[in-house]
Amino acid sequence: MIQNKLLVILGPTASGKTDLSIKLAKKFNGEIVSADSRQIYKGMDIGSGKVTKKEMAGIPHHLLDVANPKNRFSVVQYQRLALKAIKDIQKRNKLPILVGGTGFYIQSIVNGIVIPEVKPDWALREKLSKKSLPELVKQLKKLDPVRAGNIDPNNPRRVVRALEVILKLGKPVPTLGSKESSFITLQIGVTKSPEELKNLIHKRLIKRLKNNAMINEVKKLHLPAGRHGKNGVSWKRLEEFGLEYRFVAQYLQDKITKQEMIEKIQIESEHYAKRQITWFKRDKKINWIKNYKEAEKLIKNY
RNA sequence: GCCGGGGUAGCUCAGUGGUAGAGCACUGCUCUGAAAAAGCAGUGGUCGAAGGUCCGAUUCCUUUCCCCGGCA
């Protein structure tokens, strides 16, 4: 009875989710669905730590390379595509394995959260962003006191989004819903000690820097593609991606030295790993494991 | 050796005659179509050492040790 089972492998960056998931997929007749907000994009391979064809070892992978880095992707798009992929895998009587470190994406599948049906309106966002934050908060309080009460008033991004929902929907932001997920889910989290994690991040970074591979990748992303005068990914957009893409872009623009670039990627990756751990900590249903054996044992009982 | 400048939080530095702050780091946290994003909070210092003046010195004076420039 594999019908609606869903295995989830999560954990902080560099914790070894990829290797583990491929081993498990082989063992349990699975297919992998990525839950990574950067591996979604085409052309972002080395910097995002995307699996290579060779590493896949014949295991089908879904939700990689499904978006153009020039366009912004979002959780809702992810949710739709991932859900479809998972159901399709189940239909073929194989085990879907959701693998990644993007907590929000995982939550959108596992908890089936329902996000207000209001598409991002970038023109509106830009217009709103011209006002001061206190002004926006004031406006939100007036239009939707409930949402204003539970939102972080210091976070412009959230406040703008809340206003966007009200203005387009014409009614208050619905309280966060969740359509009871129909999956029988087993969530497995990979843990590493802080020291180990720092070490793994460092080793991985050195590897990515080898032969300028990662720097060339970012260069290639930014440079005009093709001969039709089509522009590549802007520096501004690369900045938005954070970590390797942000700091390599800054280095390529001569804003920081190579040494600074390396230091920043390292330290910011450590911060990122902590944020991921903080996020995952809230979900008490995650089974934390240290190695493959423990994971295998859990799955056998599942 | 002489002349300057400096020694204050893990780092870079601000500051005051009434026992001290910032940014970063560190720790914890938030998360309703950007989530590797965007935000929030907290810990932390016998103010280089020893004397002196003063009710009181990190701040003034003296000595001393160390660092950085310049001149020898």
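Below, chains carry the letters A, B, ... as their sequence lines are ordered, and counting in each starts from 1.
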Sidechain-backbone polar pair: A/Thr191 side chain, A/Ile289 backbone, donor-acceptor under 3.5 Å: yes
Check against salt bridge (Lys or Arg N to Asp or Glu O under 4.0 Å), A/Arg237 and A/Glu240: CA-CA 5 Å; A/Arg237 178 69 177 135; A/Glu240 284 179 4; 2.6 Å; yes
Sugar-phosphate, base or nothing in reach of A/Val173, heavy atoms under 4.0 Å: base
C1' atoms of B/G48 and B/U58, separation to the nearest Å: 12 Å
Nearest-Å distance once atom C1' is located in both B/A37 and B/U12: 28 Å
Sugar-phosphate, base or nothing in reach of A/Arg80, heavy atoms under 4.0 Å: base
A/Arg38 to A/Tyr272 six-membered ring, cation-pi geometry met (6.0 Å, 45°): no
Touch class at under 4.0 angstrom, heavy-atom based, for A/Tyr78 against every strand present: nothing
Atom P, compared across B/U62 and B/G5: separation rounded to whole Å: 13 Å
RNA chain B-proximal residues of residues 157-167 of chain A, any heavy atom under 4.0 Å: A/Arg157, A/Arg158, A/Arg161
Atom-pair distance (OH on A/Tyr272; C1' on B/A38), nearest Å: 14 Å
Minimum-distance nucleotide to A/Gln77 side chain [options: B/G33, B/A35, B/C40]: B/G33
Sugar-phosphate, base or nothing in reach of A/Gly47, heavy atoms under 4.0 Å: base
Nucleotide of B/C29, B/G39, B/G33 approaching A/Thr278 most closely (side-chain heavy atoms): B/C29
Side-chain donor or acceptor of A/Lys50 paired with backbone N/O of A/Tyr41 under 3.5 Å: yes
Spacing of A/Leu238 atom CG relative to B/A37 atom C1', expressed in whole Å: 14 Å
Of the listed nucleotides B/A34, B/A35, B/U32, the one nearest the side chain of A/Arg72: B/A34
Spacing of A/Asn150 atom CG relative to B/U32 atom P, expressed in whole Å: 9 Å
Sugar-phosphate only, base, or nothing, as touched by A/Ser269 at under 4.0 Å among non-hydrogen atoms: nothing
Spacing between A/Asp283 atom CG and B/C29 atom P, to the nearest angstrom: 15 Å
Rounded P spacing from B/U59 to B/G52 in Å: 14 Å
Interatomic distance, A/Gln259 CD vs B/C11 C1' [rounded to whole Å]: 15 Å
Closest listed nucleotide, where the reference is the side chain of A/Asp152 and the choices are B/C40, B/A34, B/G33: B/C40
Touch class at under 4.0 angstrom, heavy-atom based, for A/Gln107 against every strand present: nothing
Under 3.5 Å, which protein N or O atoms sit close to an N or O of nucleotides 22-26 of chain B? Give each pair with its distance.
{"from": "B/C26", "atom 1": "OP2", "to": "A/His271", "atom 2": "NE2", "distance (Å)": "2.4"}

Sugar-phosphate only, base, or nothing, as touched by A/Lys168 at under 4.0 Å among non-hydrogen atoms: nothing
Inter-residue atom distance A/Glu268.CD - A/Glu244.CD, 0.5 Å rounding: 10.5 Å
Closest listed nucleotide, where the reference is the side chain of A/Arg125 and the choices are B/A35, B/A34, B/A37: B/A34
Secondary-structure string, 5' to 3', Watson-Crick or G-U under 3.5 Å, | for another-strand partners, for RNA chain B: (((((((..((((....[..)))).(((((.......))))).....(((((..]....)))))))))))).
Integer-rounded Å distance: B/A38 C1' and A/Leu243 CG: 14 Å
Proximity to the side chain of A/Ser74 - top-ranked nucleotide from B/G39, B/G33, B/U32: B/G33
